[in-house]
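The chain is numbered in sequence order, starting from 1. These numbers come from a predicted model, not from an experiment.
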Amino acid sequence: MRNHKLLLIFCFLFLVLTLLGCEAFVRKFTRKSKKEKAPEEMVLSPEEWKGPKMTKEEMYRQYYTFWKSWQDELINALSQGMSLKKRDDCAGQVVKNLLGMRAMLNETKQKQLDVYLKQVNSLTSAIKSDIYGASNNSNRQTAERVRRNILQSFSYGDIKNDLI
């Protein structure tokens, strides 16, 4: 009889729990409806990012700093006998930054810088034609001479009044 009462109590409790249910258990296994994604905003006209505004002085200093580092890299590449591609790339970057510096200067300083640009252009063509690096020493000396002359004449302190 005692077992019978225990079984009856157990069945009663099971029935009560089943009728009440476990809400978390029910939520866990209920299928959730899919929500619609918010529509993405379409770009109708692309906008060009111009970057931070720089003054003429800051731009000249930046070109000057880049020129100086690439000129040093060129001299290093010539003295260590690096590959033609490396020497050619350095020379091209030197010319590019000198042209950037030139664009910031007035006419008289541009003419002075054109002398060194011609020397760098002839150095660049000499480097391109010297496939095996036989003339690296003379090219290095030319690059050092151009570097020294530009440093003397075109540092920011020397040309700050000649910027346009």
Side-chain angles (χ1 to χ4, degrees), residues 23-24 27-164:
E23 186 179 339
R27 267 189 290 142
K28 189 176 203 180
F29 291 104
T30 337
R31 177 170 253 159
K32 295 180 177 51
S33 62
K34 293 183 179 180
K35 297 178 182 175
E36 289 187 29
K37 293 181 180 178
E40 293 182 22
E41 186 176 323
M42 294 177 55
V43 177
L44 299 176
S45 61
E47 294 180 22
E48 184 176 329
W49 186 69
K50 304 214 178 191
K53 296 280 185 179
M54 293 176 63
T55 64
K56 298 273 186 187
E57 293 83 17
E58 290 172 332
M59 288 179 68
Y60 183 84
R61 285 180 192 227
Q62 185 175 356
Y63 280 123
Y64 180 79
T65 304
F66 288 161
W67 162 79
K68 190 175 168 186
S69 64
W70 279 108
Q71 187 77 19
D72 291 340
E73 186 75 22
L74 175 62
I75 292 168
N76 187 32
L78 289 168
S79 63
Q80 292 184 3
M82 292 185 180
S83 69
L84 175 64
K85 183 177 180 181
K86 177 69 174 177
R87 291 177 284 160
D88 186 36
D89 184 42
C90 291
Q93 290 293 327
V94 166
V95 170
K96 175 185 164 190
N97 287 298
L98 281 175
L99 288 172
M101 287 168 53
R102 184 184 183 281
M104 304 283 157
L105 298 172
N106 62 20
E107 278 189 51
T108 57
K109 284 293 186 176
Q110 282 182 355
K111 289 178 183 175
Q112 290 176 5
L113 188 60
D114 285 341
V115 172
Y116 301 118
L117 264 168
K118 286 178 186 175
Q119 291 175 3
V120 170
N121 284 329
S122 66
L123 175 65
T124 301
S125 62
I127 288 171
K128 284 183 182 180
S129 66
D130 185 25
I131 297 172
Y132 299 109
S135 303
N136 278 352
N137 196 30
S138 65
N139 290 339
R140 180 186 52 80
Q141 290 174 349
T142 303
E144 287 175 345
R145 186 178 67 249
V146 169
R147 180 185 186 280
R148 187 174 45 251
N149 291 337
I150 292 176
L151 284 174
Q152 287 175 353
S153 304
F154 291 95
S155 67
Y156 178 72
D158 295 334
I159 59 92
K160 64 182 172 185
N161 295 329
D162 296 315
L163 293 175
I164 53 169

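Side-chain contact between Leu163 and Leu105: present, with at least one pair of heavy atoms (C-beta onward) separated by less than 4.5 Å. A 4.5 Å side-chain heavy-atom check between Met101 and Asn97 finds every atom pair outside the cut-off. You'll find the side chain of Phe154 stays beyond 4.5 Å of the side chain of Asp162, heavy atoms only. Between Val115 and Asn149, the closest side-chain pair of non-hydrogen atoms is not below 4.5 Å. Considering only heavy atoms from C-beta on, Ile159 stays 4.5 Å or farther from Met104 through its side chain. The side-chain heavy atoms of Leu98 and Val95, taken from C-beta on, include no pair separated by under 4.5 Å.
The two residues Ile164 and Ala103 have their closest heavy-atom pair at CD1-O, 3.9 Å.
Formation of a donor-acceptor pair under 3.5 Å by the Ser135 side chain with backbone atoms of Ser138 is not found in this model. Distance alone, capped at 3.5 Å, places no donor-acceptor pair between the Asp89 side chain and the Lys85 backbone. Looking at Ser153, its side chain never comes within 3.5 Å of a backbone N or O of Ile150 through a donor-acceptor pair. Checked by atom type and distance alone, the side chain of Gln71 never pairs as donor or acceptor with a backbone atom of Val94 at under 3.5 Å. When atom types are taken as modelled, the side chain of Asn76 and the backbone of Asp72 share no donor-acceptor pair closer than 3.5 angstrom. Asn106 contributes a side-chain N or O that, together with a main-chain N or O of Lys109, makes up a donor-acceptor pair within less than 3.5 Å.
Aromatic ring pairs are classed by plane angle as parallel below 30°, tilted from 30° to 60° and perpendicular above 60°; the pair Tyr64 and Trp67 is tilted.
From Gln112, atom CD reaches atom CZ of Arg102 across 12.0 Å, with rounding to the nearest 0.5 Å. Put simply, OG1 on Thr108 and CG on Leu113 are 11.5 Å apart, with the number rounded to the nearest 0.5 Å. The OG1 atom of Thr65 lies 8.0 Å from the CD atom of Gln62; values are rounded to the nearest 0.5 Å. The CD1 atom of Ile127 lies 4.5 Å from the CG atom of Leu78; values are rounded to the nearest 0.5 Å. Between Arg145 atom CZ and Gln119 atom CD the span is 6.0 Å, to the nearest 0.5 Å.
In summary, the side chains of Arg87 and Asn136 do present a donor paired with an acceptor at a separation below 3.5 Å, with no hydrogens or angles considered.
Under the side chain to side chain contact (heavy atoms under 4.5 Å, CB included) criterion, Arg61 pairs with Tyr156, not counting sequence neighbours. Every residue two or more places apart in sequence or in another chain was checked for a salt bridge (charged side-chain N to carboxylate O under 4.0 Å, His left out) with Asp158, and none qualifies.
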Using the side-chain contact (heavy atoms from CB on, under 4.5 Å) rule, take Leu74 and Arg147 through it: C-alpha gap first, then chi angles, then the decisive distance, then the call.
CA-CA 10 Å; Leu74 175 62; Arg147 180 185 186 280; over 6 Å; no
